[in-house]
Protein chains: 2
Amino acid sequence: MNLKELSQNLGLSQTTVSRALNGYPEVSAATRARVEEAAKAFNYRPSTRAKGLATGKALAIGHVIPMSTKHEMVNPIFGDFIAGAGETYARHGYEMILSIVADEDEHQIYRGLKSRRAVDGVIVHGPRMNDPRIPLLQELGLPFAVHGRATGCETPYAWLDVNNRSAFERATRFLFDLGHRRIALINGLEVMDFAHRRRAGYEDALRAHNVAVDPALMRSGEMTEVFGYQSTRDMLQETNAPTAILASSLISALGARRAVEEQGLTIGRDVSIITHDDALSYLQNGGDVPIFTATRSSVREAGRQLAHILLDIIANPGGTPKAILLEAELMVGGSTGPAPRKD
Amino acid sequence: MNLKELSQNLGLSQTTVSRALNGYPEVSAATRARVEEAAKAFNYRPSTRAKGLATGKALAIGHVIPMSTKHEMVNPIFGDFIAGAGETYARHGYEMILSIVADEDEHQIYRGLKSRRAVDGVIVHGPRMNDPRIPLLQELGLPFAVHGRATGCETPYAWLDVNNRSAFERATRFLFDLGHRRIALINGLEVMDFAHRRRAGYEDALRAHNVAVDPALMRSGEMTEVFGYQSTRDMLQETNAPTAILASSLISALGARRAVEEQGLTIGRDVSIITHDDALSYLQNGGDVPIFTATRSSVREAGRQLAHILLDIIANPGGTPKAILLEAELMVGGSTGPAPRKD
DNA sequence: TAGGGCATCCAAAGCGCTTTGGCTATGATT
DNA sequence: AATCATAGCCAAAGCGCTTTGGATGCCCTA
């Protein structure tokens, strides 16, 4: 069923039917009701493509998910983020178009989305430091919003980020308050902006307590279980091992836990762990008392809000780009406790 | 830059330029070369919308991800599956459109995709038993392919599935061979077809060894870490506790491991664990020797292949729907060993 | 020399929608 | 009674592409 058929069916012109359906005023209430009823009865929906062609809008948002060619790793937070963003799009009649793409093809993808007029805007995932995508998108004039920030990109752009720095600063301070002095950081890849900021927060806290930054206590890598395990195991075997560990993701924290327990040590007594928790639906951090003490911030909520920001930009171009900085909650769970006494 | 401008620029008609770009024969080699060069120089790409309108194809595939409203859980395998499918689409000039949708809205979504002519076909994720989506899609005449199968749906349809039944049958048998008799199953939600089949495989093996199916040894729920932990903890506390556990996902296996170690037991000695491993990029099962003995099958590869099946259907409608049954590998890792001797 | 066959190219219609620029009554205004 | 808004509707153009159904030369054959 298309507009033409529907309007013939009603004995009206396409113009009138279109206007009735899109809420224009120059249609009588009676006619509008009749049209709406018929549309429902015939399950009529305007073709997105035709509508897009006629209006010049794509009614779609692109999500370009970077995948480093080497590791072929898809960020696990992505599912939940997308779920949040999708909610917002659905409410506003937008579609979500996904491209998963190797780093070196990204430029081509963005240019393609632009020149094919496939989307009205894009969400930038996983920003790195000095991320080249941001100037590229600005040059292309394709509206965008960034999940995270890109240190080094000067011109203003729209973003939503967790305050990673303050979250990790607070978490580290919390460990100091419990008497820990040897605190390790198992971080994500530090080309990623969020990892960079977390490290900065961690170092801030160390400096505030006059503790030297010790490279032996810092690891950086892709946040897998195995990475958390190996890093922890290695550090625990060294002399002057850490009594507390900051992990950048729940998944690597699970690995850290495995290494700790494998050494016959007890979490929360011999070794404390704090992790960042993105509140992923399939990786919930415990029941009444969370398993891990964690800095928590829902990535799904982030998706919802960032989608709103982008739709705003598209609806009112030319405004100052909006930015949201979410504060993570520090949730005390069972994985932290006072530093063990020196024997 | 659009076709009109490009063709004016070249002093050719739109027809000729279009034909040159789309590989039609009635264009001289010289002209074609000239056109292609200009298209590259101006970074011209035909508008997907206009092309879609003109050809009647959407050049897009829909992925409708169900999300049970209650649990709001996004299946974690979804990211890797999508990455695989996306590769295939990119190679064939298709876009991927994503809708994440609560169970009760699914019907509306499919009808919408159809009547808005937004996609040429859809991938059905997470089929349940007697899944109503399959007859619905058949009725709508929207091409589709299913990731998994739906027991109870009689009319033929295209699908790709892991042989869950034989995988779990073999895994269970493997445990019997090691001397285990009390084998527990920590399964996914058994409305899900895959979970149903895994259970059937497990029960097959029990029967083949004349061991009664014991409901006390079977759990079914959403495959989170916490679910794996709680199920294992509870079962280990009972008299006549299991000496081996079959887990339906690596994530719940991690929870099972936690429970086992919390009891002061050793994995692979006191309690053996076998899990299904979807080979997710961020959850790799160990290094040289896998941590967990596992039935393994790459969900990313599944995405690649299923996308192909669907594109085939779209290109050649009316053929017999293709189906692929992948066999999982049984990879021996460090989490299994002979059953402990009775004291 | 006329006709046929090819190789190249083009004008225009059409895909399904929105939107511009009318047109026609009807009732209010002077 | 003549004029004028206004409400309510419509025809047709246009969005950027593909595709149908010719045109136009040019070379070859008879």
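Each chain gets a letter, A, B and so on, in the order the sequences are listed, and its residues count up from 1.
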*Scan side-chain atoms only and decide if B:Ser18 and B:Thr15 contain a donor-acceptor pair under the 3.5 Å cut-off.*
no
*Interatomic distance, A:Leu53 CG vs C:dT19 C1' [rounded to whole Å]*: 14 Å
_Using OP1 and OP2 only, check whether a side-chain N or O of A:Asn22 sits under 4.0 Å from C:dT18._
yes
*Phosphate OP1/OP2 of C:dC17 contacted by A:Tyr44 side-chain N/O (<4.0 Å)*: yes
*How many angstroms lie between atom CZ of A:Phe78 and atom CD1 of A:Ile65, to the nearest 0.5 angstrom?*
4.0 Å
_Applying the side chain to side chain contact (heavy atoms under 4.5 Å, CB included) criterion to A:Thr88, which one of A:Gln305, A:Met96, A:Arg304 satisfies it?_
A:Arg304
*Rounded to the Å, how far apart are B:Leu3 CG and C:dC15 P?*
19 Å
*Over how many whole Å does the gap from A:Asn2 atom CG to C:dT18 atom P extend?*
12 Å
*Would the number of heavy atoms belonging to other residues, nucleotides or ligands and lying under 6.0 Å from CD of A:Glu37 be above 12?*
no
*Taking CZ from B:Arg49 and P from D:dT18, how many angstroms apart are they, rounded to a whole number?*
14 Å
_Between C1' of D:dC17 and NZ of B:Lys51, the distance in whole Å_ = 9 Å
_Before we go on, tell me: are the rings of B:Tyr89 and B:His63 under 6.0 Å apart, centre to centre?_
yes
*What's the CG-P distance between A:Leu6 and D:dC10, to the nearest Å?*
13 Å
_Measure CD/B:Glu5 against C1'/D:dC17 and give the value in whole Å, please._
13 Å
*Minimum-distance pair of heavy atoms, taken over all atoms of B:Pro76 and B:Leu280*: O-CD1, 4.0 Å
*A:Leu59 CG to C:dC17 C1': how many Å, rounded?*
12 Å
_Residue pair B:Tyr44, B:Leu21: steps toward the side chain to side chain contact (heavy atoms under 4.5 Å, CB included) verdict_ = CA-CA 10 Å; B:Tyr44 167 78; B:Leu21 256 20; 3.7 Å; yes
*Could you work out which one of D:dC17, D:dT19, C:dC17 sits closest to the side chain of B:Tyr24?*
D:dT19
*Under 4.0 angstrom between B:Arg116 side-chain N/O and C:dC17 OP1 or OP2*: no
*Assign a letter to each nucleotide of nucleotides 8-13 of chain C from its 5' end: B, base within under 4.0 Å of a protein heavy atom; S, sugar-phosphate only; -, no contact.*
BBBBB-
